[in-house]
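What follows is a short report on a single structure.
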Amino acid sequence: MSVQDDLTAVQRCLDDLSRSVGRLEQHLGTGGLEMRRLRTDANHLRESLALLREAAASPATQRKPELVSIPDTPYDDSLWIDTDDEGLGARDRRAP
C-alpha cells in the first residue's frame with residue numbers, strides 16, 4: 001500500500017470512530033467527563049491526521065536539519081565557575 005492509501009484507510013477509520021462516538025453521545029449524553037474526553041481525543045486524532053496529510057503531501061518542504069559543527073577546542077573554564085559538579089556537590093565542600 002502507498003502512503004496515500006494508508007492515510008485514506010486511517011481517515012475511514014476515524015470517520016467510523018466519529019460516527020460511533022456520536023451514537024454513544026445520543027445514548028449516554030454529552031455532559032460526562034468521559035464522553036467529553038472521548039470526543040476531544042477523536043478530534044485530536046482528526047487534527048493529527050490532517051497535519052500528517054500535509055506533511056506527506058509536501059515532501060519538498062521536509063529537509064534534513066542543519067548540521068552544527070562542534071569545535072574540538074576546549075571550552076573556557078570560566079564558564080563553569082559558578083556551577084557545581086552534578087552529583088558531586090560544591091567544589092569547596094566534602095561529602096559527609
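To the nearest 0.5 Å, atoms OG (S18) and CZ (R46) are separated by 3.5 Å. If you take CZ on R12 and CG on D15, they are separated by 9.0 Å, rounding to the nearest 0.5 Å. Between L33 atom CG and L38 atom CG the span is 11.0 Å, to the nearest 0.5 Å. Atom CD of Q26 sits about 9.5 Å away from atom CG of L24, to the nearest 0.5 Å. Atom CZ of residue R37 and atom OG1 of residue T40 lie 9.0 Å apart, to the nearest 0.5 angstrom. Atom NE2 of H44 sits about 12.5 Å away from atom CZ of R39, to the nearest 0.5 Å.
At a threshold of 4.0 Å, the pair D41-R36 does not count as salt-bridged, since none of the basic side-chain nitrogens sits closer than that to a carboxylate oxygen. Under a 4.0 Å N-O distance rule, the pair D16/R19 qualifies as a salt bridge.
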Stepwise side chain to side chain contact (heavy atoms under 4.5 Å, CB included) test for L45 and L49: CA-CA 6 Å; L45 286 172; L49 182 63; over 6 Å; no

